Amino acid sequence: MLLVDKATFPREKVCGDGLTPRGVRAIQKMGVDPREPGFVRIDALRTYGTDGVIIDLRWPSLRDFPGIGLVRTRYDFDNLLLERAVKAGARFLQGVEATRPVVDEGWVTGAILGQNGDSEQVKARFVVAADGASSRFAGQAGVRRDETRPLGIAARRYYRTPRPQEPVFESFLNLWDGQGLMPGYGWIFPLGEGLLNVGAGLLNTFRNFKDVSARKVFDVFVRQLPEEWGINEENAAGPLLSGPLPMGMNRRPISVPGMLLVGDAGGIVNPFNGEGIAYAIESGELAAELIVDALARNRPAVTNLYSMLLHERYGRYFHVGRTFVRLIGNPTVMRLSVKYGIPRKTLMRFALRFMANLTDGRDGAFEDKVMHGLLSMASER
Ligand SMILES: Cc1cc2nc3c(=O)[nH]c(=O)nc-3n(C[C@H](O)[C@H](O)[C@H](O)COP(=O)(O)OP(=O)(O)OC[C@H]3O[C@@H](n4cnc5c(N)ncnc54)[C@H](O)[C@@H]3O)c2cc1C
């Protein structure tokens, strides 16, 4: 297997660096032990609403998911995954850009790779496009963004502050732009040793989305934090960086013959919470399973099942997610949900499961059954 990346590792990636239990499960399946040094363990989600309301919720106890979240800089985390891939036998070329797919009679048969102005063509039985949110590579095989599906923007910055760290993800649902609550949230994730990942994101259902940048949303968020937390210019540990969040499988088609799109390249970010790491790993796993099967049986067409299987897995959930982002784009709905929802612990416990897509399915507890019931009413497309 050949793995190429245009960056040289370790490299920075603009991210909140947070893994929910879904992300933790994904890395455990890859053989990564969350107790390894370098990971910071997260036990609960702390949500800040309006009127000073704050609620702490531990992760749900589930059969299919661990009861912990994690934080680790993507600088370290992505390098760890890369080392694993190389150890498992992948040949890795770094600083090499995949400039376009090679298409032969409608089937992707390889890629053009470029480095320092030189280029070469490599042949491949299958190509996996995992080139992130812009995915120019897949675009050249006819893949387009589906404008009807949601998109988020977010910005983050590292800070080093003396504020004591607790094993919680802090999320702030009170981004106030002077006119109303914005459909998005701010976050503070602890990285240990005084380092924090601070960020904010916004959905494109926001009424003034075209006039706002991720940086502006970030400024709105940071300005409203208590001064004594020390999240200020003086304590900044790096520049403010931003990026897009392509959500709800917003790429079409998500595979073309011979090439499968995974992670952000396929637009597979959860519209409820902006989580993308778990979905990138899960879609990568599904693509890998199909490719292995297709090679073992010498039946390339097996990979044509990818789109159907992805829709079967996430279609209904993302469908509800799209409705959710549309609804909270209305400032009144956003205000009422935050005002009346956050103080209700039972409701919030359910919301945490739903929004982080943590469920044991129809055979699980009462909340799982309700979630299953709601999802079965949604469409898969
Ligand atoms: C501000 C922000 C905060 C976020 N916070 C979180 C969070 O806390 N938790 C979470 O789960 N998700 C978060 N996300 C989403 C998450 O970062 C992405 O969903 C996730 O990184 C997707 O992984 P990926 O492998 O598909 O793409 P990426 O992580 O973007 O990796 C793509 C790789 O492809 C390489 N590449 C690109 N083009 C080419 C090319 N042509 N040739 C060769 N290589 C190429 C890049 O160098 C890069 O290494 C956040 C996103 C943003 C923008």
Side-chain angles (χ1 to χ4, degrees), residues 2-24 26-27 42 45 69-75 77-79 81-82 85 92-101 111-115 119 122 127-140 151-158 169-171 184-191 197-202 214-215 217-218 221 240-248 250-251 260-284 287 356-357:
L2 177 66
L3 179 63
V4 302
D5 201 298
K6 65 180 181 185
T8 309
F9 280 68
R11 60 101 178 90
E12 199 167 358
K13 156 78 180 92
V14 186
C15 188
D17 304 328
L19 296 173
T20 67
R22 192 172 188 102
V24 179
I27 62 165
I42 300 294
L45 176 73
L70 295 172
V71 199
R72 187 161 186 179
T73 64
R74 293 290 297 272
Y75 186 86
F77 177 70
D78 289 21
N79 201 48
L81 297 191
L82 175 66
F92 179 49
L93 301 178
Q94 55 184 331
V96 173
E97 183 168 1
T99 52
R100 65 180 168 84
I112 305 291
L113 304 183
Q115 188 177 30
S119 69
V122 290
V127 172
V128 175
D131 50 331
S134 73
S135 197
R136 287 189 198 95
F137 180 79
Q140 295 181 68
L151 180 84
I153 49 170
R156 71 98 172 98
R157 194 171 194 187
Y158 293 118
F169 281 150
E170 290 181 289
S171 87
Y185 69 92
W187 71 80
I188 302 180
F189 294 169
L191 281 148
N197 182 319
V198 180
L202 184 74
R215 285 162 184 262
V217 183
F218 180 87
F221 170 51
L240 174 65
L241 297 173
S242 62
L245 292 148
M247 296 172 160
N250 76 353
R251 298 295 149 92
L260 312 183
L261 277 66
V262 306
D264 280 12
I268 317 179
V269 170
N270 182 347
F272 285 102
N273 63 358
E275 177 179 22
I277 300 171
Y279 298 90
I281 298 176
E282 288 177 7
S283 54
N357 200 2

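Remember, it's 1-based here, ligands and their atoms both numbered in the order they're listed. Quantities reported herein were computed from a predicted structural model and do not represent experimental measurements.
- Of the N or O atoms in Ala155, none lie within a sub-3.5 Å distance of an N or O in ligand 1.
- Distance from atom 32 (C) of ligand 1 to its nearest protein heavy atom, with residue and atom name: Ala130 O, 3.5 Å.
- Using a 4.0 Å cut-off to heavy atoms of Val96, the atoms of ligand 1 that qualify are 43 (C).
- Rounding to the nearest 0.5 angstrom, the gap separating the OG atom in Ser242 from the CZ atom in Arg156 is 10.0 Å.
- The shortest N or O to N or O distance between Lys6 and ligand 1 is under 3.5 Å.
- The protein atom (non-hydrogen) at minimum distance from atom 28 (P) of ligand 1 is Lys13 CE, 3.8 Å.
- For the pair Tyr158/Thr73, a side-chain contact is recorded, criterion being any heavy-atom separation below 4.5 Å from C-beta on.
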Test side chain to side chain contact (heavy atoms under 4.5 Å, CB included) applied to Leu151 and Leu245, step by step | CA-CA 6 Å; Leu151 180 84; Leu245 292 148; over 6 Å; no
Please step through salt bridge (charged side-chain N to carboxylate O under 4.0 Å, His left out) for the pair Arg157 and Glu12, ending with a clear verdict.
-> CA-CA 12 Å; Arg157 194 171 194 187; Glu12 199 167 358; over 6 Å; no
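- The single protein non-hydrogen atom nearest to atom 6 (C) of ligand 1 is Cys15 SG, 3.3 Å, given as residue, atom name and distance.
- Using a 4.0 Å cut-off between charged side-chain N and carboxylate O, Asp131 and Arg136 make no salt bridge.
- Nearest protein heavy-atom neighbour of atom 8 (O) of ligand 1: Gly18 N, 3.0 Å.
- The nearest protein atom to atom 38 (N) of ligand 1, hydrogens excluded, is given as Asp131 CB, 3.4 Å; this is a heavy-atom distance.
- Side-chain atoms of Asn357 and Tyr279 include a donor-acceptor pair closer than 3.5 Å.
- Looking at Ile42 and Pro190, their side chains come closer than 4.5 Å, going by heavy atoms from C-beta outward.
- Ranking protein heavy atoms by distance to atom 1 (C) of ligand 1, first place goes to Ala154 CB, 3.4 Å.
- Contact annotation: the side chain of Ile277 approaches that of Ile281 to within less than 4.5 Å [non-hydrogen atoms, C-beta and beyond].
- Heavy-atom contacts of Phe189 reach the following atoms of ligand 1: 8 (O) (cutoff under 4.0 Å).
- With Ala265, Gly132, Pro246, Ala138 as candidates, the residue nearest to atom 27 (O) of ligand 1 on a non-hydrogen basis is Gly132.
- Each of Thr99, Leu261, Val127 was scored for a side-chain contact (heavy atoms from CB on, under 4.5 Å) with Phe137, with one residue passing: Val127.
- Checked against the 6.0 Å centroid criterion, the rings of Phe9 and Phe92 qualify as a close aromatic pair.
- In this structure, CZ in Arg74 is found 11.0 Å from CG in Asn197, a value given to the nearest 0.5 Å.
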Salt bridge (charged side-chain N to carboxylate O under 4.0 Å, His left out) between Lys13 and Asp78: does it pass, once the steps are laid out?
-> CA-CA 9 Å; Lys13 156 78 180 92; Asp78 289 21; over 6 Å; no
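- Summarising the geometry, atom CG belonging to Leu45 is positioned 4.5 Å from atom OG belonging to Ser171; distances are rounded to the nearest 0.5 Å.
- Distance OG/Ser283 to CD1/Ile268: 4.0 Å, rounded to 0.5 Å.
- Of all atoms in ligand 1, listed by their number and element, those nearer than 4.0 Å to a heavy atom of Ile277 are 9 (N), 10 (C), 11 (O), 12 (N).
- Between the side chains of Thr8 and Gln94, no donor N or O sits under 3.5 Å from an acceptor N or O.
- Here's the thing with Ala98: one of its N/O atoms is less than 3.5 angstrom from an N/O atom of ligand 1.
- The nearest non-hydrogen atom to atom 47 (O) of ligand 1, considering only Asp5, Val4, Thr99, comes from Asp5.
- Checked against a 3.5 angstrom limit, the closest N/O atoms of Asp264 and ligand 1 fall inside it.
- Note on ligand 1: Asn197 sits outside its first shell, no heavy atom being nearer than 4.0 Å.
- Of the candidates Glu275, Arg100, Arg157, Arg74, it is Arg74 that places a heavy atom closest to atom 29 (O) of ligand 1.
- Shown in contact with Val14 at under 4.0 Å from a heavy atom are these atoms of ligand 1, numbered in order with element: 1 (C), 2 (C), 51 (C), 52 (C), 53 (C).
- Of all the heavy atoms of Arg136, none lies under 4.0 Å from any atom of ligand 1, so neither backbone nor side chain is involved.
- Geometrically, ligand 1 and Gly276 share a nitrogen or oxygen pair separated by less than 3.5 Å.
- Around atom 53 (C) of ligand 1, the closest heavy atom drawn from Ala280, Gly243, Gly284 belongs to Gly243.
- At a heavy-atom distance under 4.0 Å, no atom of Tyr279 approaches ligand 1.
- Screening Asn273, Leu19, Val71 for a side-chain contact (heavy atoms from CB on, under 4.5 Å) involving Phe169 leaves a single residue, Val71.
- Residue contacts with ligand 1, taken as heavy atom pairs separated by less than 4.0 Å, do not involve Ser134 at all.
- In terms of polar-atom proximity, defined here as any N/O pair under 3.5 Å, Gly16 does make such a contact with ligand 1.
- Using a 4.5 Å heavy-atom threshold, the side chains of Asp17 and Leu191 count as touching.
- Applying the 4.0 Å criterion to heavy atoms of Arg11 picks out, from ligand 1, the atoms 31 (O), 48 (C), 49 (O).
- Nearest non-hydrogen protein atom to atom 51 (C) of ligand 1 is Leu245 CD2, 3.3 Å.
- With ligand atoms numbered from 1 in the order given, ligand 1 contributes 26 (O) to contacts under 4.0 Å with heavy atoms of Gly263.
- Numbered from 1 in the order shown, with element, the atoms of ligand 1 that lie under 4.0 Å from a heavy atom of Val269 read 19 (O).
- Close contacts of ligand 1 with Gly274, meaning ligand atoms under 4.0 Å from a residue heavy atom, involve 12 (N), 13 (C), 14 (N), 15 (C).
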